[in-house]
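Values in this document were obtained by computation on a predicted structure and should not be read as measured data. For ligands, and for the atoms within them, numbers begin at 1 and follow the listed sequence.
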Amino acid sequence: MKFFIDTANLAQIQEAYDLGVLDGVTTNPSLMAKEGITGHDNIIKHYLAICDIVDADVSAEVIATDYDGIIEEGTKLAALNEKIVVKVPMIKDGVKAIKYFASKGIKTNCTLVFSAGQALLAAKAGATYVSPFVGRLDDVSTDGMQLIEDIRLIFDNYGYETQILAASVRHPMHIIQCAKIGADVITAPLSAIAALLKHPLTDSGLAQFLADHAKAAGK
Ligand code: E4P
């Protein structure tokens, strides 16, 4: 399973990349705004800065919501760097645009997916990735993981190559559940990825090993 980091924070992207387990980055307009990145030129510069850090796919979301606007914006984003994946919302014009981008060999990430039907449409249009938002479904008392299972079943039934990118992943158990189901990718904040490292028995076991080693060495 691939690990993407879901942030526009350069220090966190660098930290995850340095850990050696990072396969990509996802951003969205809210995450860019959170870092204070505003204005067209600054946004473009920021995407390029992310591309400089990682040797991996970087999702950059279009703001346009009409077909022509999505095509124009997405084509420009894709031309910035070969790592850029054009993130397109799951709306009618978005699906049409994904089909166009697929025909041009431009990678896409269909975002804001909340149902199996939406995922199926994105796959049929030729999306590279489809992003079901598990955490936001959980937030409204709907089982986000059930959606990942349903999409996995549907894609496997027909051999769709679109990768399931479980998004809105909030904690380490989401990551484990996605891995058990067979999601192709998860995107999560650094805190959720780093939390996989932690186990109290690892900490106490290591402390004991080091103490025994020091004692045997007469320290
Ligand atoms: C994914 O690409 C989305 O940007 C993201 O995972 C949304 O996560 P959130 O629901 O925690 O905002």
Side-chain angles (χ1 to χ4, degrees), residues 1-10 12-13 16-17 21-38 43 46-47 50-51 53-54 56-65 70 73-74 77-78 83-91 94-95 97-98 101 106-115 118-119 121-123 125 127-148 151 162-179 181 183-196:
M1 186 171 74
K2 292 185 205 167
F3 275 30
F4 288 5
I5 189 167
D6 195 29
T7 185
N9 181 286
L10 298 180
Q12 290 186 13
I13 293 169
Y17 191 67
V21 299
L22 192 66
D23 302 298
V25 179
T26 52
T27 63
N28 65 37
S30 302
L31 292 171
M32 295 291 275
K34 190 174 164 194
E35 298 306 316
I37 313 298
T38 57
I43 289 172
H46 202 75
Y47 286 141
I50 295 174
C51 290
I53 296 175
V54 299
D57 281 355
V58 175
S59 284
E61 188 159 341
V62 296
I63 302 299
T65 55
I70 295 172
E73 203 183 334
L77 285 171
K83 297 170 192 168
I84 294 284
V85 176
V86 180
K87 207 172 179 189
V88 180
M90 170 36 78
I91 53 176
V95 172
I98 286 168
F101 289 133
I106 292 174
K107 289 181 284 185
T108 53
N109 173 356
C110 184
T111 190
L112 290 165
V113 165
F114 293 94
S115 76
Q118 290 178 323
L121 276 180
T128 314
Y129 299 102
V130 62
S131 286
F133 279 33
V134 296
R136 292 193 193 186
L137 282 170
D138 289 355
D139 288 345
V140 294
S141 306
T142 302
D143 187 354
M145 283 304 148
Q146 184 60 52
L147 177 58
I148 303 296
I151 299 172
T162 299
Q163 295 180 55
I164 303 173
L165 196 176
S168 189
V169 160
R170 303 269 176 78
H171 52 72
M173 280 314 293
H174 271 158
I175 300 177
I176 301 302
Q177 288 164 333
C178 283
I181 293 167
D184 299 290
V185 191
I186 58 94
T187 190
L190 181 61
S191 57
I193 296 171
L196 293 173

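Atom 8 (O) of ligand 1 has Ser168 CA, 3.4 Å as its closest protein atom, hydrogens excluded (heavy atom only). Distance from atom 5 (C) of ligand 1 to its nearest protein heavy atom, with residue and atom name: Asp6 OD2, 2.8 Å. Among protein heavy atoms, the minimum distance from atom 3 (C) of ligand 1 is reached at Phe133 CZ, 3.5 Å.
In the vicinity of Ala167, heavy-atom distances shorter than 4.0 Å reach the ligand 1 atoms 1 (C), 6 (O). The Lys87 neighbourhood of ligand 1 comprises atoms 1 (C), 2 (O), 3 (C), 4 (O), with distances under 4.0 Å to a heavy atom of that residue. Residue-ligand proximity, Arg136 to ligand 1, at heavy-atom distances under 4.0 Å covers atoms 7 (C), 9 (P), 10 (O), 12 (O).
The N/O atoms of Asn109, backbone and side chain alike, include none that comes under 3.5 Å of an N/O atom in ligand 1. Checking only distances, Asn28 does come within under 3.5 Å of ligand 1, N or O to N or O.
With a 4.5 Å cut-off on side-chain heavy atoms, Val95 and Gln118 do not count as touching. Using a 4.5 Å heavy-atom cutoff, the side chains of Phe114 and Met90 are not in contact.
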Check: Between Thr26 and Thr187, does a side-chain hydrogen bond (donor to acceptor under 3.5 Å, both in side chains) hold up when you go through it step by step?
Finding: CA-CA 7 Å; Thr26 52; Thr187 190; 2.5 Å; yes
Next item on the list: Starting from the C-alpha separation in whole Å, work towards a yes-or-no answer on side-chain hydrogen bond (donor to acceptor under 3.5 Å, both in side chains) for Glu35 and Asn9.
Entry: CA-CA 6 Å; Glu35 298 306 316; Asn9 181 286; 3.2 Å; yes
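The existence of a salt bridge linking Lys107 and Asp57 is confirmed by a sub-4.0 Å separation between a basic side-chain nitrogen and an acidic carboxylate oxygen.
Put simply, part of Arg170 is less than 4.0 Å from ligand 1, judged by heavy atoms.
Side-chain atoms of Thr128 do not come within 3.5 Å of backbone N or O of Asn109 as any donor-acceptor pair.
In terms of heavy atoms, Glu73 sits closest to Val62 at OE2-CA, 3.3 Å.
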